[in-house]
Amino acid sequence: MKAIVRTKYGSPDVLGLSEADKPTPADNQVLVKIQAAAVNPLDWHLLRGEPFLVRLMGFGLLKPKHHILGADMAGRVEAVGRDVTRFKAGDEVFGTGMGGFAEYACVREDNVVLKPAAMTFEQVAAVPIAGVTALQALRDHGHLQSGQQVLINGASGGVGTFAVQIAKALGAHVTGVCSGRNAEMVRSIGADHVIDYTKECFWQNGKEYDLIVDNAAVHSIRRSLRSVKRSGVYVLVGGSASTASILLSLILNPLISRIEGRKLASFIASPKQSDLTFLRELLEAGQIVPVIDRTYPLCETPDAIRYVEEGHTRGKIIINV
Ligand SMILES: NC(=O)c1ccc[n+]([C@@H]2O[C@H](COP(=O)([O-])OP(=O)(O)OC[C@H]3O[C@@H](n4cnc5c(N)ncnc54)[C@H](OP(=O)(O)O)[C@@H]3O)[C@@H](O)[C@H]2O)c1
């Protein structure tokens, strides 16, 4: 099969289109003939092995263990492992795993769900990591309730565009923060109010929110926390200061929360079939519509990753396999 392969850590220049062995599903996996994949910031972190800590998380210390990247994928089941009960050959699915930048990948049965018939493979490939992250940030870590005021920082990116729509579906009043060029798009997906971060700092305008979901943490957490109501929550998802902040805040959360009198949460999203099912229902109901910025052919995956690494994508970047 054709695949975008790398054998060492490095920039997108180490990626090349090559022939690779078609994988064989383990007992609990399905073999998917991939139609579309999506690029996430995770891909360039794993590509570069940066921050170094990712290498300690089982991805290979000096050399990468995974030669094919791509965690979001959508396609047709071609074969199933012997313990798989929920899927059969021919099913159209989307979900998350490893090796999506290829013609075939094996994915655990409990990490995929059936694709809504009315949606394209490109649309559903956009959903898994960004959608699940947004859902877990709002519902599980932010404990969002209907009627609450939520601010989504980085509202125009992959996670942000899902967060705005999911927050609206959960009944919140949503303020999105993005650059002016994306303001209209963020309004069009449901934000009640938009702050252009090139003109106004949300943490300086005196407004307070029940929940802040921060996908673009560039300010100190203490500053952002001051825009959270006393009973509210600040959920750190990521951003340019992200990795060090996430790790530090994971350790210091209880202390910072006590000093500032507001709850601070940070987390690494974990794929769950129940969350993918929840998102599929929102897709089917038209309550979330994936925002797709650009689509690249498989052979141009290195360019797609370069673009995502710049940190200004408008929704999701799709690889058409
Ligand atoms: N914790 C987890 O489990 C988890 C899971 C997924 C992702 N993440 C992390 O979360 C972050 C966001 O991921 P993503 O997939 O949404 O990234 P993305 O698609 O690259 O989106 C980045 C967005 O950030 C916006 N942005 C850049 N600078 C900003 C600023 N100063 N203020 C407000 N917005 C700004 C950009 O908007 P403009 O173009 O308008 O500037 C862009 O739309 C990344 O750091 C990623 O690594 C964490």
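Numbering of residues begins at 1 and proceeds along the displayed sequence. These numbers come from the heavy atoms of this one structure, side chains and all, not from hydrogens, waters or symmetry mates. One-based numbering, in listed order, for ligands and for the atoms of each.
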**Q** Check the pair N320, Y296 against side-chain hydrogen bond (donor to acceptor under 3.5 Å, both in side chains), reporting the backbone distance first and the verdict last.
**A** CA-CA 6 Å; N320 197 326; Y296 292 80; over 6 Å; no
**Q** Provide the full list of ring-ring contact (aromatic ring centres under 6.0 Å, His included) pairs with a residue in residues 89-138, sequence neighbours left out, each pair given once.
**A**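 Sorted pair list comes back empty.
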**Q** Output yes when R48 and E309 qualify as a salt bridge under the 4.0 Å nitrogen-oxygen rule, no when they do not.
**A** yes
**Q** Any nitrogen or oxygen of A269, main chain or side chain, under 3.5 Å from a nitrogen or oxygen of ligand 1?
**A**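 Yes - when backbone and side-chain N and O of A269 are compared with those of ligand 1, one distance drops under 3.5 Å.
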**Q** Polar-atom distance check: A216 versus ligand 1, any N or O pair below 3.5 Å?
**A** no
**Q** Regarding atom 39 (O) of ligand 1: of the candidates R181, M185, R314, E310, which has the closest heavy atom?
**A**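 The option holding the nearest heavy atom is R181.
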**Q** State the atoms of ligand 1, each with its element, that fall below the 4.0 Å cut-off from a heavy-atom position in G311.
**A** 22 (C), 23 (C), 24 (O), 27 (C), 36 (C), 42 (C)
**Q** Can you confirm if the NZ or CZ of R55 lies within 45° of the ring axis of Y9 and under 6.0 Å from the centre of its six-membered ring?
**A**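 Yes, R55 and Y9 form such a contact.
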**Q** Starting from the C-alpha separation in whole Å, work towards a yes-or-no answer on side-chain hydrogen bond (donor to acceptor under 3.5 Å, both in side chains) for Q273 and N111.
**A** CA-CA 5 Å; Q273 197 167 44; N111 281 347; over 6 Å; no
**Q** Is any N or O atom of S179, backbone or side chain, closer than 3.5 Å to an N or O atom of ligand 1?
**A** yes
**Q** Between K33 and E78, does at least one N-O distance fall below 4.0 Å, as a salt bridge requires?
**A**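 Salt bridge: no.
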**Q** Do any N/O atoms on F267 end up under 3.5 angstrom from N/O atoms on ligand 1?
**A**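 Yes, there is a polar N/O contact under 3.5 Å.
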**Q** Polar contacts were defined as any N/O atom of the residue lying under 3.5 Å from an N/O atom of the ligand; does this apply to G157 and ligand 1?
**A**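 For ligand 1, there is an N or O atom that lies under 3.5 Å from one belonging to G157.
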**Q** Side-chain donor-acceptor pair under 3.5 Å between Y307 and D293, yes or no?
**A** yes
**Q** Report yes if Y197 has an N/O atom closer than 3.5 Å to an N/O atom of ligand 1; otherwise report no.
**A**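 Yes; at least one N/O pair falls below 3.5 Å.
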**Q** Find all atoms of ligand 1 within a distance of less than 4.0 Å from any non-hydrogen atom belonging to N215, and give their numbers and elements.
**A**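 Listed by number with element: 11 (C), 12 (C).
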**Q** Regarding D214 and N153, do their side chains bring together a donor and an acceptor under 3.5 Å, going by distance alone?
**A** yes
**Q** If you count the atoms of ligand 1 from 1 in the order shown, which ones are under 4.0 Å from a heavy atom of S156?
**A** 36 (C), 37 (O), 38 (P), 40 (O), 42 (C), 43 (O)
**Q** Could you list the atoms of ligand 1 found under 4.0 angstrom from a heavy atom of I268?
**A** 3 (O)
**Q** Short N/O distance, under 3.5 Å, between K316 and ligand 1?
**A** no
**Q** Any nitrogen or oxygen of V159 lying under 3.5 Å from a nitrogen or oxygen in ligand 1? Just yes or no.
**A**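 Such a contact does occur with ligand 1.
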**Q** Ion pair present between K168 and D192, side-chain N to carboxylate O less than 4.0 angstrom?
**A** yes
**Q** Is there any N or O on V237 that sits under 3.5 Å from an N or O of ligand 1?
**A**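 V237 vs ligand 1: N/O contact under 3.5 Å present.
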**Q** Heavy atoms only, cut-off 4.0 Å: how does V218 contact ligand 1, side chain, backbone, both, or neither?
**A** side chain
**Q** Relative to the heavy atoms of G154, which atoms of ligand 1 are at a distance of less than 4.0 Å?
**A** 33 (C), 34 (N)
**Q** Would you mind running through ligand 1 and noting each atom that sits below 4.0 Å from a heavy atom of T133?
**A**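 Every atom of ligand 1 under 4.0 Å from some heavy atom of T133: 4 (C), 5 (C), 6 (C).
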**Q** Taking atom types as modelled, find out whether N40 and D72 have a side-chain donor-acceptor pair closer than 3.5 angstrom.
**A** yes
**Q** Is G239 in contact with ligand 1, taking contact as a heavy-atom separation below 4.0 Å?
**A** yes
**Q** Within the side chain of T120, is there an N or O that forms a donor-acceptor pair under 3.5 Å with the backbone of Q123?
**A**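 Present.
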**Q** Output all residues satisfying salt bridge (Lys or Arg N to Asp or Glu O under 4.0 Å) with E281, sequence neighbours left out; order by chain, then residue number.
**A** none
**Q** Measure L42 to ligand 1 on non-hydrogen atoms and call it side chain, backbone, both or neither using the 4.0 Å cut-off.
**A** neither
